[in-house]
Amino acid sequence: MLDSVTHSTFLPNTSFCDPLMSWTDLFSNEEYYPTFEHQTACDSYWTSVHPEYWTKRHVWEWLQFCCDQYKLDANCISFCHFNISGLQLCSMTQEEFIEAAGICGEYLYFILQNIRSQGYSFFNDAEETKTTIKDYADSSCLKTSGIKSQDCHSRTSLQSSHLWEFVRDLLLSPEENCGILEWEDREQGIFRVVKSEALAKMWGQRKKNDRMTYEKLSRALRYYYKTGILERVDRRLVYKFGKNAHGWQEDKL
DNA sequence: TACCTCTTTCCTGTTT
DNA sequence: AAAACAGGAAAGAGGT
C-alpha cells in the first residue's frame, strides 16, 4: 500500500513547531504563507486529488473532514505536524500519526490508507464507511470516548461550527476568504462584510443549507451582541469582535 | 425525555 | 426603491 511512496519521511522542521499551535495559528502565521504559492480559494477540493498530490490546503481539508465526519476531537491533533504536503503525509508512519495526533492519529492513519488503497469509493457510502471505521476502532480496542481528551495539544477545535468562529476563521484565512470579509481595524477586531450573499452562501454550504441568506445570517450575528461575542458598530455591514470572542487577536495567535 | 444553546426562519418596522 | 438593520417570536438541530 505504501510502496508507491518513494520519498523518505520528512516531518516539518520541529525547530519552529509549537505544540500549542492551532489550525488558526497555522494559517495566520506569515512564516507559513509562502508555502501556499499558486493556491487560490478556487483550487480543487481534496477529494478530487490523489493524496500523494495533495497540497497543504488539501491536507487541511481532509483533516477537517475527518474531524467533522468521524467526530474526532481536533484538540488531540498537533496541527504543526500536519503543515505538510500530501506526499509528506503519505510518508508518515502509523507511529508518526500517533505521535502527531495521539489516538486520533491512529484513525487518521487508517482513513488515509483506505483512501490510498480504495480511492474515494471509500466514502461512497457514508454509513458503510462509518461502520468500517467503527470496526477498526473495535478491533483496535479503541473506544470513541477514548478519542476525546487524550494527548491534547491544541487549543482550537476544527469542529467549531459556530457562526462567529466561521467568520473569524475566514478572516484569518485569506486563501478561503476570496475578498468576502476584510479587516477594517485589525487591532480592534473591526471587520467588514464585503460580499454579503457570498458569505451567506459559504455559511450555508458549511451547514448544508442552501436556503441561507445574508438576512438570516445577520440575524444570527445580531444575537451575538447579547453575549458579547460581537459588538455593535453603527455602520452597514461592519461588525466588531467583542470581549467574549477569542482567537482573532494578532498578538495572541 | 427534557432541557439547553445556537441558530434558522419569519416577521414588522426602521434606517441608510 | 433596495438593501441592511433591529429585534420579537417560534421552530429546528444537535448535544447532554
Side-chain angles (χ1 to χ4, degrees), chain A residues 22-24 61 63-77 101-104 107 111 123 125-131 133-134 137-138 142-152 154-173 176-185 188-249:
Chain A
S22 71
W23 200 248
T24 301
E61 288 168 349
L63 273 178
Q64 191 161 41
F65 168 85
C66 291
C67 287
D68 288 345
Q69 189 74 15
Y70 304 114
K71 305 295 176 221
L72 302 184
D73 186 355
N75 289 327
C76 298
I77 299 171
I103 205 145
C104 288
Y107 278 86
I111 294 165
F123 296 113
D125 185 324
E127 284 312 308
E128 193 176 300
T129 303
K130 280 179 183 172
T131 305
I133 297 284
K134 187 179 177 299
D138 290 344
L142 299 172
K143 297 295 172 210
T144 304
S145 60
I147 301 174
K148 310 270 182 185
S149 315
Q150 290 182 17
D151 301 325
C152 295
S154 169
R155 57 179 186 268
T156 302
S157 173
L158 273 178
Q159 293 181 87
S160 61
S161 59
H162 291 169
L163 173 58
W164 76 269
E165 292 169 305
F166 168 77
V167 167
R168 175 199 64 191
D169 294 344
L170 212 50
L171 276 161
L172 299 174
S173 306
E176 280 190 80
N177 194 327
C178 257
I180 290 171
L181 294 167
E182 65 181 35
W183 289 108
E184 280 239 319
D185 188 325
Q188 291 197 63
I190 300 172
F191 60 93
R192 176 196 298 278
V193 177
V194 181
K195 301 174 186 171
S196 57
E197 284 311 316
L199 178 67
K201 194 176 174 187
M202 214 166 192
W203 175 238
Q205 280 171 356
R206 168 69 69 93
K207 298 292 290 288
K208 297 181 173 59
N209 175 3
D210 54 11
R211 298 175 309 283
M212 181 50 59
T213 63
Y214 178 70
E215 190 177 1
K216 290 187 275 193
L217 182 151
S218 64
R219 178 69 189 97
L221 289 178
R222 289 195 292 275
Y223 270 122
Y224 287 133
Y225 296 147
K226 269 188 176 179
T227 54
I229 297 291
L230 292 178
E231 288 175 21
R232 213 173 251 110
V233 175
D234 289 329
R235 271 180 293 154
R236 286 187 153 205
L237 299 166
V238 179
Y239 298 85
K240 180 182 191 298
F241 286 117
K243 60 184 187 305
N244 292 328
H246 55 80
W248 58 270
Q249 295 100 323

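Naming convention: chains lettered A, B, ... in sequence-line order (proteins, then strands); numbering from 1 in each chain.
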>> With nearest nucleotide decided by heavy atoms, which residue, A:R232 or A:S196, maps closer to the 5′ end of DNA chain C?
In response: A:S196
> Within the pair A:Y239 and C:dA4, is there a side-chain N or O less than 4.0 Å away from OP1 or OP2?
Replying inline: no
> Given atom CG of A:L163 and atom P of B:dT5, what is their separation to the nearest angstrom?
Replying inline: 18 Å
> What is the distance from CZ of A:R222 to P of B:dT9, rounded to the nearest Å?
Replying inline: 15 Å
>> With a 4.5 Å cut-off on side-chain heavy atoms, are A:H246 and A:W164 touching?
In response: yes
> Is a donor on one side and an acceptor on the other found under 3.5 Å between the side chain of A:S173 and the backbone of A:L170?
Replying inline: no
> Can you tell which of B:dT7, C:dA6, B:dT9 lies closest to the side chain of A:N209?
Replying inline: B:dT9
>> For A:E197, is the CD atom crowded, meaning more than 12 foreign heavy atoms sit under 6.0 Å from it?
In response: yes
> Rounded to whole angstrom units, what separation is found between the CE atom of A:M212 and the P atom of B:dT7?
Replying inline: 10 Å
> Taking the side chain of A:Y223 as its heavy atoms from C-beta onward, which of B:dT9, C:dC5, C:dA9 lies nearest to it?
Replying inline: C:dA9
>> Quick check on B:dC6: is either OP1 or OP2 less than 4.0 Å from any side-chain nitrogen or oxygen of A:W164?
In response: no
> Between A:K216 (NZ) and C:dC5 (P), how many Å, whole number?
Replying inline: 16 Å
> Rounded to the nearest Å, what distance is computed from the CG atom of residue A:L230 to the P atom of nucleotide B:dT7?
Replying inline: 10 Å
> Which part of the nucleic acid, if any, lies within contact of A:Y214, taking any heavy atom under 4.0 Å across all strands shown: a base, the sugar-phosphate backbone alone, or nothing?
Replying inline: sugar-phosphate
> What's the CZ-C1' distance between A:R219 and B:dC6, to the nearest Å?
Replying inline: 12 Å
>> Taking side-chain contact (heavy atoms from CB on, under 4.5 Å) as the criterion, tell me which of A:V167, A:I190, A:L221, A:I229 meets it with A:Y239.
In response: A:L221
>> Other residues, nucleotides and ligands only: do more than 12 of their heavy atoms fall within 6.0 Å of NZ on A:K201?
In response: no
> How would you label the contact of A:L217 with the nucleic acid (heavy atoms, under 4.0 Å): base, sugar-phosphate, or nothing?
Replying inline: nothing
> Between C:dA6 atom P and A:E215 atom CD, what is the distance in whole Å?
Replying inline: 13 Å
> C:dA6 base to A:Y224 side chain: any donor-acceptor pair below 3.5 Å?
Replying inline: no
> A:H162 has an atom NE2; how far is it from atom C1' of B:dT5, in whole Å?
Replying inline: 8 Å
